[in-house]
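Read the numbers this way: they start at 1 and go in the same order the structure lists the ligands and their atoms. Atom set for the values below is all heavy atoms of this structure, side chains included, hydrogens, waters and symmetry mates excluded.
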Amino acid sequence: MKRRKMVVAAGFCLSFFTGTLMNLLFIPGFEHHGERVHRHHHENQKPDADAPVGLRVDELPPVETATVGRLPELQRQIRERLDEILRYRQTRAHWVGTGPLERRRLMDLEPRSEWEVYKGIGKNNNYEQSQPTPAVSIATKSHREFTRESVLGCSSIDNVTNVQYLGSGYTKAVYKATINSSFSVALKSVDFGGHDMENCVKKYGSSTDCYKLASFKIVKEMTLMERLQHPNILKLYGYCYQDNNDIKDTVTAITELGSPLEMIQLLQTPWEERFRICLSLMRLLHYLARSPLGSVTLLDFRPRQFVLVEGVLKVTDLDDASVEETPCSLSSPSDCLMVFPARNFTLPCHKGCCEGINEKRNLYNAYRFFFTYLLPHSAPSALRPLLDKIVNSTGELIWGTDETLVHLEKVLDIYRNGQYLKNNTQTHKAEYKCVSEASIAAENYRCWPSYQHDGCLLSVFSVDEAIEVCESHAQCQAFVMTNQSTWTGHQLVLFKTGAASMTTAPGKLTYIRLGAAES
Ligand SMILES: Nc1ncnc2c1ncn2[C@@H]1O[C@H](COP(=O)(O)OP(=O)(O)OP(=O)(O)O)[C@@H](O)[C@H]1O
């Protein structure tokens with residue numbers, strides 16, 4: 001009990017700290033740059049920078065400090081957000097899971113007052129009492145075992161260590177924390193000092209209600225994480241409701257931990273890794289186009305909405321996801337106009353809805369934020385025509401997610417099987433001597449794009465490809481076939497300027513260019 005209070009206090013301090021940090025870091029124009037189409041948008045949502053023309057976007061009224069008579073409006077917004085969450089939870093047609101959160105959900109949806117329904121959403125107090133989290137076993141279990149068997153709750157985050165601030169956006173603050181000294185998670189909560197809370201309190205003067213509105217974004221995100229199960233959607237491990245000093249029932253989502261996507265850094269990583277990100281993204285969009293909840297669009301598609309987990313791209317920010325179809329009438333073609341900064345598209349109106357608008361918006365955003373930068377750049381030359389076709393077809397919205405994914409999977413297949421290599425009939429200029437169980441300790445040189453900062457570590461399909469690479473580098477006199485491989489099964493090879501520092505190394509093979517210094 002005492003410890004819980006301390007954690008609550010710590011949580012409050014963290015929120016305060018984040019808020020202060022965000023205030024210090026606030027730069028005008030920091031807001032969103034994704035487009036937005038949503039019938040329930042209102043002034044407490046993030047501002048639209050390039051919302052599509054012709055689609056229904058509410059006007060954002062100026063922020064006012066006068067709060068008198070405005071609370072019913074705030075209540076309406078809370079109600080709308082709650083209704084949206086309930087819609088996601090009530091879509092039973094494609095019901096997939098039977099996890100503990102969902103079992104709680106069925107109990108939670110018994111008709112009660114609005115406040116009770118709110119408090120019931122995702123609240124796991126009963127679950128915690130009936131099935132205490134086996135804290136001791138956490139240390140010995142893998143993520144998969146761990147999350148399949150248990151849902152994390154307040155008791156799991158009571159004694160977290162290594163708490164580190166990861167980032168924050170308009171509404172939420174995210175921290176990295178270690179549970180039981182062994183299991184790293186991300187903790188997401190409402191940022192008390194964030195723009196969302198600050199603007200709302202300024203306008204409506206009720207921190208309790210503003211918190212409720214903001215926390216529904218986290219509840220929506222948790223609901224979607226639970227309903228949309230896919231390897232490229234961040235896993236929800238659990239959640240905790242606890243009383244804060246001022247506000248009752250503050251919610252913390254406990255999710256899989258990732259690392260923020262740094263586009264500049266990505267441009268410097270090997271093509272194979274960048275291709276992996278694009279393929280992960282496409283697999284995600286393919287799933288979202290026909291998800292159990294319908295066709296889901298990510299209204300805010302900036303790279304910062306995604307994180308990397310062991311090289312795999314996963315979406316983390318789902319509070320701007322929407323399954324709403326855009327209504328249209330045949331007499332008004334502009335209803336289905338999608339406006340992006342560089343170009344516009346008009347989609348067909350079919351049975352009162354803009355056909356495939358959610359899927360197409362995701363695809364074009366994948367093109368403009370990811371594919372153009374990450375796909376063709378420094379790809380194996382034999383794959384360039386295929387990759388260019390993928391980039392062009394998504395940029396023109398010629399293909400849907402099905403076809404785009406088929407083409408990306410085909411690229412993966414060609415790459416995995418080494419079919420991108422030129423016919424190996426060509427003879428190599430030099431002869432190489434193979435020394436088994438050996439490696440070269442020093443004699444490194446730098447190359448680009450290397451998997452290692454201070455050496456030339458590249459992935460190859462075969463020894464022949466390694467020889468080709470070595471012959472294309474003026475410094476290369478030897479190379480070590482390591483026993484490590486990349487996600488495609490390609491082998492990692494360390495290229496060297498010589499073999500003077502050769503040592504015994506089980507499992508590794510060293511190739512020395514004949515005529516190179518060996519002593
Ligand atoms: N699971 C995670 N692992 C690592 N970092 C994360 C994780 N979730 C979020 N982040 C980081 O925290 C930041 C804020 O999280 P999030 O996007 O959910 O907040 P938000 O308030 O909805 O932000 P936005 O204004 O972009 O919508 C993200 O940009 C991301 O860099």
> Would Lys248 and Asp243 pass as an ion pair if we require N to O under 4.0 Å?
Replying inline: yes
> Is Arg76 salt-bridged to Glu80, going by a charged N under 4.0 Å from an acidic O?
Replying inline: yes
>> Can you name the atoms of ligand 1, numbered from 1 with element, that are less than 4.0 Å from a heavy atom of Pro260?
In response: 31 (O)
> Looking at Trp399 versus Tyr367, is the centre-to-centre ring distance below 6.0 Å?
Replying inline: no
>> If you measure every N or O of Lys172 against every N or O of ligand 1, does any of those distances drop under 3.5 Å?
In response: yes
> Ion pair present between Lys217 and Asp196, side-chain N to carboxylate O less than 4.0 angstrom?
Replying inline: yes
>> Looking at Arg81 and Asp83, is there a salt bridge between them, counting it only when a charged N and a carboxylate O are closer than 4.0 Å?
In response: no
>> Using a strict threshold of under 4.0 Å (side-chain N to carboxylate O), is an ion pair present between Lys235 and Glu226?
In response: no
>> Among Ala186, Ser168, Gly169, which one puts a heavy atom closest to atom 2 (C) of ligand 1?
In response: Ala186
> When only distance counts, is Gly258 in polar contact with ligand 1, meaning an N/O pair under 3.5 Å?
Replying inline: yes
> For ligand 1, which atoms, with element, lie under 4.0 Å from some heavy atom of Gly167?
Replying inline: 12 (O), 13 (C)
> Any sub-3.5 Å donor-acceptor pair from Asn232's side-chain atoms to Leu313's backbone N or O?
Replying inline: yes
> For ligand 1, does Thr171 get within less than 4.0 Å through its side chain, its backbone, both, or neither, judged by non-hydrogen atoms?
Replying inline: both
> Under a 4.0 Å heavy-atom limit, does Gln305 contact ligand 1 with its side chain, its backbone, both, or neither?
Replying inline: side chain
> Does Lys188, backbone or side chain, put an N or O under 3.5 Å from an N or O of ligand 1?
Replying inline: yes
> Taking Asp317 as the fixed residue, which of Arg304, Lys188, Lys172 is the one that meets the salt bridge (Lys or Arg N to Asp or Glu O under 4.0 Å) rule?
Replying inline: Lys172
> Where do Arg343 and Glu396 land on the salt bridge (charged side-chain N to carboxylate O under 4.0 Å, His left out) test, with the steps shown first?
Replying inline: CA-CA 10 Å; Arg343 64 171 301 177; Glu396 295 295 324; 2.9 Å; yes
> With atoms numbered from 1 as shown, which atoms in ligand 1 lie under 4.0 angstrom from a non-hydrogen atom of Glu256?
Replying inline: 1 (N)
> With backbone taken as N, CA, C and O and side chain as the heavy atoms from C-beta onward, which portion of Asp319 lies under 4.0 Å from ligand 1: side chain, backbone, both, or neither?
Replying inline: side chain
> Should you measure from each heavy atom of Leu234, which atoms of ligand 1 turn up under 4.0 Å away?
Replying inline: 1 (N)
>> Can you name the atoms of ligand 1, numbered from 1 with element, that are less than 4.0 Å from a heavy atom of Thr255?
In response: 1 (N)
> Which atoms of ligand 1 sit under 4.0 Å from any heavy atom of Arg302?
Replying inline: 26 (O)
